[in-house]
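Note: hydrogens, waters and symmetry copies are ignored here, and every other heavy atom, side chains too, is used. Chain letters run A, B, ... following the sequence lines, proteins first and then strands; every chain starts at 1.
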2 protein chains.
Amino acid sequence: MSEATARNSEDRLQQLREALESGELQHLRRMLHSLHPAEIALLLESLPQAEREIVWRIVDPDDHGEILLHLNDHARAQLIEGMDAAALLAAAEGLEMDDLADLIADLPEAVTQRLLYSMDADNRERLQTVLSYPADTAGGLMNTDPVTVRADVSVDVVLRYLRLRGELPEQTDALFVVDRYQKYLGALPVAMLVTYDPNRVVGEIMDTEIRPFDVGLSEREVTQRFENLDLMSAPVVDANGVLVGRITIDDVVDVIRDEAERNLMTLAGLDEEEDIFAPVLASARRRAVWLGVQLLTAFIAARVIGLFEAPLEKIVALAVLMPIVPSMGGVAGTQTLTVMIRAMALGQIDITNAYYMLRKEIGVAMLNGVLWAVIVAAIAIVWFHSVDIGIAIAVAMAVNLLVAAAAGVGLPLVLRRFGIDPALAGSVILTTVTDVVGFAVFLGLGGLILLGQI
Amino acid sequence: MSEATARNSEDRLQQLREALESGELQHLRRMLHSLHPAEIALLLESLPQAEREIVWRIVDPDDHGEILLHLNDHARAQLIEGMDAAALLAAAEGLEMDDLADLIADLPEAVTQRLLYSMDADNRERLQTVLSYPADTAGGLMNTDPVTVRADVSVDVVLRYLRLRGELPEQTDALFVVDRYQKYLGALPVAMLVTYDPNRVVGEIMDTEIRPFDVGLSEREVTQRFENLDLMSAPVVDANGVLVGRITIDDVVDVIRDEAERNLMTLAGLDEEEDIFAPVLASARRRAVWLGVQLLTAFIAARVIGLFEAPLEKIVALAVLMPIVPSMGGVAGTQTLTVMIRAMALGQIDITNAYYMLRKEIGVAMLNGVLWAVIVAAIAIVWFHSVDIGIAIAVAMAVNLLVAAAAGVGLPLVLRRFGIDPALAGSVILTTVTDVVGFAVFLGLGGLILLGQI
């Protein structure tokens with residue numbers, strides 16, 4: 001595969017790793033040069049730690065800041081540790097304010113101090129503004145570089161001002177109109193500047209439809225508004241309506257991506273920042289917690305099984321078939337839970353319509369419960385030549401699917417009420433419920449029908 | 001909660017549902033009017049089917065097209081079914097070409113024909129261009145509305161042309177420079193038009209750094225480039241380098257969101273378009289397939305347990321403890337699998353570094369295997385007063401965690417080689433492996449140690 005034919009980033013990353021493997025550092029350097037910082041960050045994450053540091057030394061230092069930003073926490077900390085104060089300062093200097101604010105938390109205290117000291121008063125104040133808001137609010141996401149104009153000037157005056165000023169900040173699709181107290185009045189899309197008559201007055205043509213974002217607006221609400229209104233940038237104001245910054249779509253895209261990854265990783269009890277080449281010990285420790293929680297639920301299930309030692313000792317078929325019932329319940333419940341988690345993330349579910357949702361899921365569970373109960377019973381009867389076993393497993397299956405549906409709808413609502421993330425705790429609790437109910441009903445009923453005792 | 005104090009979209013949706021519940025249609029209409037089509041779509045999806053149709057009749061018909069676009073497949077089909085040809089035509093007419101191309105597949109054939117017939121030749125040709133590319137490629141995502149200029153004119157000429165032309169298409173952050181054969185030459189950011197000297201010539205200042213996207217580029221590659229390069233729009237060219245359209249960030253954001261949802265839903269064996277209020281029968285049928293697959297794997301596990309009837313009949317402790325081993329193996333394997341799936345989606349894993357990944361995951365599994373083996377053994381010994389049981393479960397646990405790690409790394413690579421989505425099939429196959437190994441090792445070893453036989 002030659003450089004020129006690399007059709008996609010996957011192939012490019014593979015080529016880079018191959019160049020590294022074969023020690024062709026000259027070739028590697030040339031290839032790295034053609035990559036964007038975000039792509040280099042992806043490559044670095046895909047390398048074991050030793051190789052990561054080799055590549056880091058070859059990368060253009062001008063890109064260091066941007067690359068560090070795109071790395072996961074672990075890889076970032078690893079590389080920062082190996083850099084001296086001067087290199088860190090140089091890396092930080094090229095960054096935009098919102099990005100710098102993200103990075104600064106990971107820098108050594110001494111470097112942060114020197115960095116603040118080396119900035120001019122204006123920039124220092126801007127950085128401190130961004131740092132004063134939580135990272136997951138509009139204030140933490142915003143940049144402090146909006147270009148502002150006044151309402152009483154003409155388009156022509158704005159154009160002359162911009163030509164004097166030179167370059168606009170990246171991702172500038174609109175200027176913002178403010179009054180003399182910096183209060184936000186409206187947006188002036190750049191497209192207007194190039195299509196409207198130069199004699200028009202800004203105050204007459206500016207767009208007042210777009211409501212400014214409050215600095216305290218949550219990250220999630222910010223992304224929803226960008227998605228729903230197809231925004232490219234948005235003004236951010238403080239409690240007094242004073243323009244303090246602007247949010248751009250590129251940062252919103254990063255938030256959307258992070259959120260999606262968090263969901264995926266959380267469901268498996270993983271840290272969203274899980275580095276694929278983090279040290280074994282660190283990974284093992286983080287994952288051990290989740291395994292410990294699961295072990296606890298497994299012992300709860302075992303304890304329930306232990307209640308039915310008598311039937312289990314006498315009828316070995318019960319032991320053979322018993323994992324089927326909780327397993328099906330867990331799968332069905334997880335489906336309901338996933339639908340609920342997604343709908344809740346989109347703001348589509350609350351108590352006003354949870355009842356309909358429950359009714360629907362119970363309906364689905366009844367249909368599937370009957371279907372699979374009959375099939376499982378038929379197989380069990382043929383296998384163990386016992387109609388009683390078939391009846392026990394059929395009833396247990398149907399009951400467990402109903403319980404799974406109810407738990408799948410109810411659990412996330414209850415968890416949210418208590419401020420617990422349903423994606424994290426939901427599936428553990430749900431499968432504990434379906435395990436306990438599944439084992440208890442099947443073994444209890446099996447004992448009762450076959451032995452007349454439990 | 002009053003209209004004015006609704007702090008976020010969740011509250012707004014809840015208010016709307018409450019207004020609907022109480023039959024205040026006037027109030028509802030007023031509230032709907034203040035919503036963006038994407039928000040109305042979210043609301044409609046959150047309503048049971050009957051209520052959905054009531055709200056649909058109140059919505060401003062001008063928004064019908066946009067709302068239909070944002071709905072999931074099921075809700076869209078439901079509402080389209082209730083509309084007559086004239087209403088559908090009106091809804092389709094306001095849409096952009098790429099959006100219309102998405103919608104058209106769901107319209108009745110007769111409406112499509114009338115729609116094509118009612119368009120002028122230019123628009124019909126554009127629509128057919130977009131329709132001729134697969135929906136998940138750059139060609140399917142693009143819009144056919146780029147504004148083009150020639151390289152030999154000055155900025156001033158461009159500005160005069162734009163003022164004559166009037167409004168720019170939405171999300172236009174750059175014009176594209178083409179030669180007389182419509183071949184793509186470069187991009188001319190609108191920001192340049194307002195900051196550069198009007199006498200500069202377009203060909204000298206245009207941005208040639210951004211490589212145009214090939215029409216055949218995959219959706220995934222499109223989103224990666226937008227994310228990595230922080231693009232707001234990008235030119236699309238055909239095999240001859242002729243500019244055929246442009247892709248804008250708002251459509252890319254939709255793709256990113258859809259992809260994230262697909263991952264989440266696929267892991268639970270659900271359709272990404274799963275409508276929370278789809279008819280019970282339709283939902284039950286779709287989910288039954290997944291439950292059937294799971295039942296098959298549950299019976300495989302049961303079949304394995306059946307091989308050990310002899311030890312199970314004699315030692316009831318084996319039956320009580322046996323679900324613990326496969327359950328822990330499944331959880332640990334799912335963690336590895338999730339890390340792999342994410343890394344593969346980012347293009348970070350292939351055979352060149354899978355070996356390192358395997359080594360790391362085996363390391364993690366060894367640490368956690370030893371830790372939990374000791375803990376489980378201790379509990380089992382205390383519970384059943386048998387060191388032999390403790391040894392059997394400890395060994396089974398350690399072996400199963402190692403197998404889980406190896407399967408978690410190897411399975412997705414093998415599945416991808418065969419063109420199967422690891423997110424869909426990975427977790428079923430993985431848990432089948434950990435079930436079979438877990439039961440077999442524990443019961444086999446238990447029989448061997450305690451009875452001297454299997």
Side-chain angles (χ1 to χ4, degrees), chain A residues 8-10 13-14 17 36 38-39 46 48 162 166 168 173 190-191 193-195 221 224 228-230 249-250 260 263-264 268 270 274 276 280 283-284 287-288 294 298 301-302 305-306 309 312-313 316 319-321 323-324 327 331 334-335 338-339 343 347-348 350 352 356 363-364 367-368, chain B residues 8-10 13-14 17 36 38-39 46 48 162 166 168 173 190-191 193-195 221 224 228-230 249-250 260 263-264 268 270 274 276 280 283-284 287-288 294 298 301-302 305-306 309 312-313 316 319-321 323-324 327 331 334-335 338-339 343 347-348 350 352 356 363-364 367-368:
Chain A
N8 56 47
S9 52
E10 216 158 302
L13 288 183
Q14 189 169 348
R17 281 191 296 262
H36 185 269
E39 293 173 308
S46 79
L162 291 179
L168 290 175
D173 70 318
V190 178
L193 291 174
V194 298
T195 51
E221 189 68 12
Q224 283 193 348
N228 288 342
L229 307 176
D230 290 345
I249 182 77
D250 54 317
N263 273 337
L264 186 69
L270 292 166
E274 179 84 17
I276 53 178
V280 169
S283 283
R287 296 197 205 163
Q294 298 289 341
I305 300 171
E309 287 198 3
L312 276 172
E313 270 181 337
V316 75
V320 173
L321 293 173
I324 294 173
S327 135
V331 169
T334 301
Q335 292 190 321
T338 304
V339 174
Q348 293 182 313
D350 51 57
T352 57
Y356 293 101
V364 171
L367 287 180
N368 269 315
Chain B
N8 56 46
S9 52
E10 217 157 303
L13 288 183
Q14 191 171 347
R17 281 191 297 262
H36 185 268
E39 293 173 307
S46 80
L162 291 179
L168 290 175
D173 69 318
V190 178
L193 292 174
V194 297
T195 51
E221 189 68 12
Q224 283 193 347
N228 289 341
L229 307 176
D230 290 344
I249 183 75
D250 54 317
N263 274 335
L264 187 69
L270 292 165
E274 180 84 18
I276 53 179
V280 169
S283 281
R287 295 196 205 164
Q294 299 289 340
I305 300 171
E309 287 198 2
L312 277 172
E313 271 183 338
V316 76
V320 173
L321 294 173
I324 294 175
S327 134
V331 169
T334 301
Q335 293 190 320
T338 305
V339 173
Q348 293 181 311
D350 51 56
T352 57
Y356 293 100
V364 172
L367 286 180
N368 269 315

If we ignore hydrogens and angles and just use 3.5 Å, is the side chain of [X] paired with the main-chain N or O of [Y] as donor and acceptor?
| X | Y | answer |
| --- | --- | --- |
| A:Asp230 | B:Asp250 | no |
| A:Glu313 | B:Val316 | no |
| B:Asn368 | A:Ala284 | yes |

Let's test your reading of the structure: which of [options] forms the most heavy-atom pairs below 4.5 Å with chain A?
| options | value |
| --- | --- |
| B:Leu193, B:Val280, B:Leu312 | B:Val280 |
| B:Val364, B:Ile324, B:Thr195 | B:Thr195 |
| B:Val194, B:Leu168, B:Ile305 | B:Val194 |
| B:Leu270, B:Asn263, B:Val190 | B:Leu270 |

Roughly how far apart are A:His36 NE2 and B:Leu229 CG, rounded to 0.5 Å? 5.5 Å
Interface moiety of [X] toward chain A, non-hydrogen atoms closer than 4.5 Å:
| X | value |
| --- | --- |
| B:Ile249 | side chain |
| B:Ala288 | both |
| B:Leu367 | side chain |

Go through A:Asp173 and B:Asp173 one step at a time and tell me if the side-chain contact (heavy atoms from CB on, under 4.5 Å) criterion holds. CA-CA 6 Å; A:Asp173 70 318; B:Asp173 69 318; 5.5 Å; no
Write down the atom of A:Gln335, the atom of B:Ala268, and the distance for their closest heavy-atom approach. NE2-O, 3.1 Å
I want to check something: taking the side chain as every heavy atom from C-beta on, are A:Val331 and B:Arg287 in contact at a cut-off of under 4.5 Å? no
Side chain, backbone, both or neither: which part of A:Ala301 has an atom under 4.5 Å from a heavy atom of chain B? neither
Proximity breakdown for A:Ile276 and chain B, heavy-atom pairs closer than 4.5 Å: both
